[in-house]
Colleague: 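Dropping a structure here in structure tokens format, bear with me for questions.
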Amino acid sequence: MTQRARTAILISGRGSNMAALLAAAADPAYPAEIALVLSNREDAAGLELARSHGIPTAVVESRVFGRDRAAFERAMEAELHGHGVRLVALAGFMRVLTEGFVARWQDRLVNIHPSLLPAFPGLDTHARALAAGVRLHGCTVHLVRPGVDDGPILAQAAVPVLPDDTEATLAARVLAQEHRLYPAALAWLAAGRVRVEGAVARIAAQTAEGVLANPLPLPAPLPTSGARG
Ligand code: GAR
């Protein structure tokens, strides 16, 4: 087999997307190998999970660097290079990266965002989707560009917004799709199947696998009188 792409996952918290990527990469046939989980917070719950899987971890506390984002990123890059990392996957990493960092990792830096971009970049996406009354919501995996939650889209999954949804129920429905979508999209990047043309990412040999639309099944029709079941 050709060499798997050594990948770092950057987290700030819970790490459920990280866990989905670790699970996918546990298969030796998966084209990315997780070489490092790096957190900007020592208390990120995902760190413990990564350690329990025997994955190398590092903490570069962003707090310590104050406003000096370049110094913070230099410290992170020392870890990335030290672990021979070629790809970086942001998974709930809640720091905005500088243009310099994004340029140095151009087309090797990928992010998951909990909305159907370009709708709802930034924070509180589920509350904003509910407030806007959209009927479809979802998640996006994209290559990172300097703008917040901007960059060529690799994959999206859509879910319905249901009339009685709360922020929590909608977030949970989206998160389940994030866990399917991110491993698929990272695999395309790691396998060298992504070609960028301006603002658009093309995936080589892509079939319908790239279009993950996931509406829930329609509710069963109400039973008519005499119906059994
Ligand atoms: C995920 O929903 C991810 O899409 C989102 O943070 C959550 C992290 O959860 N990321 C962003 O909002 C980035 N703009 P996780 O730590 O359980 O993966």
Side-chain angles (χ1 to χ4, degrees), residues 7-26 32 34 36-53 55 57-60 62 69 72-73 76 87-98 101-102 105 109-132 134 136-159 161 165-186 189 212 214:
T7 301
I9 305 174
L10 270 50
I11 63 170
S12 298
R14 177 177 58 180
S16 72
N17 277 288
M18 174 208 75
L21 295 176
L22 292 185
I34 308 308
L36 176 67
V37 167
L38 187 155
S39 174
N40 69 307
R41 299 179 56 130
E42 201 172 12
D43 60 358
L47 281 172
E48 205 38 59
L49 187 67
R51 288 184 196 118
S52 73
H53 281 73
I55 305 290
T57 61
V59 176
V60 179
S62 46
R69 289 157 74 206
F72 165 61
E73 290 172 352
M76 282 204 302
L87 299 179
V88 176
L90 306 178
F93 184 70
M94 304 311 264
R95 305 294 297 186
V96 176
L97 297 163
T98 67
F101 185 95
V102 171
W105 293 88
L109 177 60
V110 68
N111 181 43
I112 187 154
H113 181 74
S115 76
L116 292 173
L117 291 172
F120 312 122
L123 300 175
D124 300 323
T125 56
H126 308 305
R128 287 158 62 209
L130 287 173
V134 296
L136 282 174
H137 185 45
C139 52
T140 303
V141 178
H142 65 98
L143 295 171
V144 175
R145 294 292 182 264
V148 172
D149 299 318
D150 182 35
I153 290 171
L154 300 182
Q156 294 187 302
V159 301
V161 180
D165 264 334
T166 62
E167 207 179 323
T169 60
L170 184 55
R173 194 174 306 124
V174 171
L175 192 66
Q177 299 310 319
E178 294 187 41
H179 298 162
R180 292 178 60 202
L181 197 68
Y182 211 174
L186 178 65
L189 189 64
L212 297 181
N214 306 285

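Read the numbers this way: they start at 1 and go in the same order the structure lists the ligands and their atoms.
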Colleague: Looking at every non-hydrogen atom in both residues, tell me the closest pair between Val174 and Gly138 and how far apart they are.
Modeller: CG1-O, 3.4 Å
Colleague: Nearest non-hydrogen contact with atom 16 (O) of ligand 1 belongs to which option: Gly15, Cys139, Gly13?
Modeller: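 The option holding the nearest heavy atom is Gly15.
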Colleague: Between Ser12 and Asn40, what is the shortest heavy-atom contact and its length?
Modeller: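 Where Ser12 meets Asn40 most closely, the heavy atoms are OG-OD1, 2.7 Å.
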Colleague: Starting from atom 9 (O) of ligand 1, locate the nearest protein heavy atom and write down its residue, its atom name and how far away it is, to 0.1 Å.
Modeller: Arg14 NH2, 3.0 Å
Colleague: When the ring centroid of His126 is compared with that of His137, is the distance short of 6.0 Å?
Modeller: yes
Colleague: List ligand 1 atoms under 4.0 Å from Asn17, heavy atoms only on the residue side.
Modeller: 1 (C), 15 (P), 17 (O), 18 (O)
Colleague: Would you mind running through ligand 1 and noting each atom that sits below 4.0 Å from a heavy atom of Ser16?
Modeller: 15 (P), 16 (O), 17 (O), 18 (O)
Colleague: Considering heavy atoms of the protein only, find what lies nearest to atom 12 (O) of ligand 1 and give residue, atom and distance to 0.1 Å.
Modeller: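 Nearest protein contact, heavy atoms only, for atom 12 (O) of ligand 1 is Pro114 CD, 3.4 Å.
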Colleague: In the protein, which heavy atom is nearest to atom 8 (C) of ligand 1, and how far is it?
Modeller: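 The closest one turns out to be Gly92 CA, 3.6 Å.
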Colleague: Here's a test for you: under side chain to side chain contact (heavy atoms under 4.5 Å, CB included), which of Leu22, Leu38, Leu36 qualifies with Ile9?
Modeller: Leu22
Colleague: For Ala91 and Met18, work out which heavy atoms get closest and say how close.
Modeller: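 That closest heavy-atom pairing would be CB-N, 4.1 Å.
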Colleague: Which heavy atom of the protein is the closest neighbour of atom 14 (N) of ligand 1, given with residue, atom name and distance?
Modeller: His113 ND1, 3.3 Å
Colleague: Going by the atom numbers of ligand 1, which of them fall below 4.0 Å from some non-hydrogen atom of Asp149?
Modeller: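 Near Asp149, the atoms of ligand 1 are 14 (N).
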Colleague: If you measure only the distance, is there a donor-acceptor pair under 3.5 Å linking the side chains of His113 and Thr125?
Modeller: no
Colleague: Quick one: does any side-chain atom of Arg173 pair with a main-chain N or O of Val161 as donor and acceptor, under 3.5 Å?
Modeller: no
Colleague: Who's the nearest protein heavy-atom neighbour of atom 4 (O) of ligand 1, and how far?
Modeller: Glu178 OE1, 2.7 Å
